[in-house]
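I have placed the structure first, in the form of structure tokens, so that the comments after it can refer back to it.
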Protein chains: 2
Amino acid sequence: MARTQGSHSDITGPRVRDTALRLFARHGYAAVSMRQIAREVGVQAGALYNYTPDKQSLLFDLLKGHMDDLLAAHAAQPDAGAPLAELEQFARFHIRFHHDRPDAVFISYMELRNLTPENFEVIEGLRRSYEDRLEAILRRGVEAGVFDVAEPKIAAMAVIAMLTGVNTWFREGGRLSLPEVEEIYWDMVHRAVATSPPQHPA
Amino acid sequence: MARTQGSHSDITGPRVRDTALRLFARHGYAAVSMRQIAREVGVQAGALYNYTPDKQSLLFDLLKGHMDDLLAAHAAQPDAGAPLAELEQFARFHIRFHHDRPDAVFISYMELRNLTPENFEVIEGLRRSYEDRLEAILRRGVEAGVFDVAEPKIAAMAVIAMLTGVNTWFREGGRLSLPEVEEIYWDMVHRAVATSPPQHPA
DNA sequence: GGATTATCTGAACGCCCGTTCAGATCAAAG
DNA sequence: CTTTGATCTGAACGGGCGTTCAGATAATCC
């Protein structure tokens, strides 16, 4: 028996990627076998090789796809104008985007070491270009006199680390909503880099 | 041939742990085999079981040891007095301590999911108690009126994420020394939570 | 409705895994 | 100098690994 009703490349392909993403995030790339992925997809292990040349490519494509999505989504943000508004937009965008795809974010951090050197370089390059965008915002703000940051590159790393950290503890249905969290983090980022800190009522 | 000259529990034991720590950090727990560890230690795989009941315990002991070290080292810090001084001490301590043991820090983040549920609970408990210490500092500062932080728990998470982030990019021999990095990060943390931000010369 | 082609099965390939254990080896104790 | 006990070897255990591929199946095309 093969090719059960309605199964196509268009259906099985995404299911393979989704399942791999979920399992890699949950147990780690090395701990997940092709047979495990196949079982959850509802197919034999050999069939996976219609959708990926090998396990390594499966991981790489997930990471590459995530980074491409991130850069594209960020590029699609409307022009905010002034550096302060751009920084706020970046902070809120980063929190929301990462919140929406915790598994992809997780493996993009965790599984870098399981990439071949060439694949690693590609992903690292994409990550750097994302960091560069924040760094550029900070530099513009320094020039404009609204940010007080001696080392924009380091400040960018610090801000990204802080914002990404939301994913490690935030859970839907907790005491705070995501917009509330967004507000708290933006406030801290703002104060950490701005020349004149935001004024709080009372 | 067995028991080559000078090999004792006192020598092989630590070597097993050191090697496991390094390999786990480099390739991931699941990707490292007991035979690989044994080979680097210079021993057959079976001999490892004189030093650990199984692979899982090896991982757990490394994480547990790291967290115990962290809490003990932090507890050994002298009393700084005022909340602002305590926060500064915490920030500088955190950066230095994590900088000194990048492998242990790395696996303490990465390999949590490879712990059994019971072991996971233990490590999580220790981590929470470290976070609680920072949260307590922030709460004292809010009471004293020197910190402006609406959510001390979240601010603690944000500060820790930011500070731990140093390990992801800092390399010895780079443009900046660790004390310089410490200064930059402390400045950002300070401004992010303090009521009156630090005054910069000129 | 017959031929074509995409899709999948099921078995096999060589290899490595964590763990156990009887027996060999050697340092230290008496 | 013998005995003891800690330490290690080397082989084995059952099982899972990533990947390949001939052949079976079913959707699609003419």
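All chains are named by letter (A, B, ...) in the order of the sequence lines, taking the proteins before the strands, and each is independently numbered beginning at 1.
The CZ-C1' distance, from B:Arg15 to D:dT7, rounds to 15 Å in whole Å. Here the P atom of nucleotide D:dG10 and the CG atom of B:Leu48 are 15 Å apart, to the nearest Å. The separation between A:Ile37 atom CD1 and D:dG18 atom P is 8 Å, rounded to whole Å. At whole-Å resolution of the value, CD in B:Gln36 and P in C:dC17 are 7 Å apart. Between the CD atom of B:Gln44 and the C1' atom of C:dG18 there is a distance of 15 Å, rounded to whole Å.
Shown here are the ring pair (Phe, Tyr, Trp, His ring centres under 6.0 Å) partners of A:His190, two or more places apart in sequence or in another chain: A:Trp186. Legend: residues meeting ring pair (Phe, Tyr, Trp, His ring centres under 6.0 Å) with A:Tyr185, ordered by chain and number and at least two apart, are absent. Qualifying ring pair (Phe, Tyr, Trp, His ring centres under 6.0 Å) partners for A:His99, counting only residues two or more places apart in sequence or in other chains: A:Phe170. Remark: A:Arg139 engages A:Glu135 in a salt bridge (Lys or Arg N to Asp or Glu O under 4.0 Å) (not counting sequence neighbours). Under the rule for a side-chain hydrogen bond (donor to acceptor under 3.5 Å, both in side chains), A:Thr195 has no partner lying at least two apart in sequence or in another chain.
Residue A:Thr12 places at least one side-chain N or O closer than 4.0 Å to OP1 or OP2 of C:dC8. A close approach under 4.0 Å does not occur between any side-chain nitrogen or oxygen of B:Ser33 and OP1 or OP2 of C:dC16. A:Arg35 has a side-chain polar atom (N or O) that falls below the 4.0 Å cut-off from OP1 or OP2 of D:dC17.
A heavy-atom distance below 4.0 Å to DNA chain C is reached by these residues of residues 53-60 of chain B, ordered by number: B:Asp54, B:Lys55.
Taking the nucleotide of DNA chain C with the nearest heavy atom to each of B:Gly46 and B:Arg39, the more 5' of the two is matched to B:Arg39.
In this structure, A:Val41 reaches neither bases nor backbone, as no heavy-atom distance under 4.0 Å exists between it and the strands shown.
Taking every side-chain heavy atom of A:Tyr49 into account, D:dT19 is the closest of D:dT7, D:dT19, D:dC17. With D:dT9, D:dT19, C:dC8 as the candidates, the nucleotide lying closest to the side chain of A:Val43 is C:dC8. Side-chain atoms of A:Tyr51 lie closest to C:dT7 of the nucleotides C:dT7, D:dA12, D:dT7. Of the candidates C:dT9, D:dT19, D:dC8, D:dT19 carries the atom nearest the A:Met34 side chain, counting heavy atoms from C-beta on.
Residues B:Asp54 and B:Tyr49 come closest through the heavy atom pair CA-CE2, 4.0 Å.
No cation-pi contact links A:Arg113 to A:Tyr29, judged by a cut-off of 6.0 Å to the six-membered ring centre and 45° from its axis.
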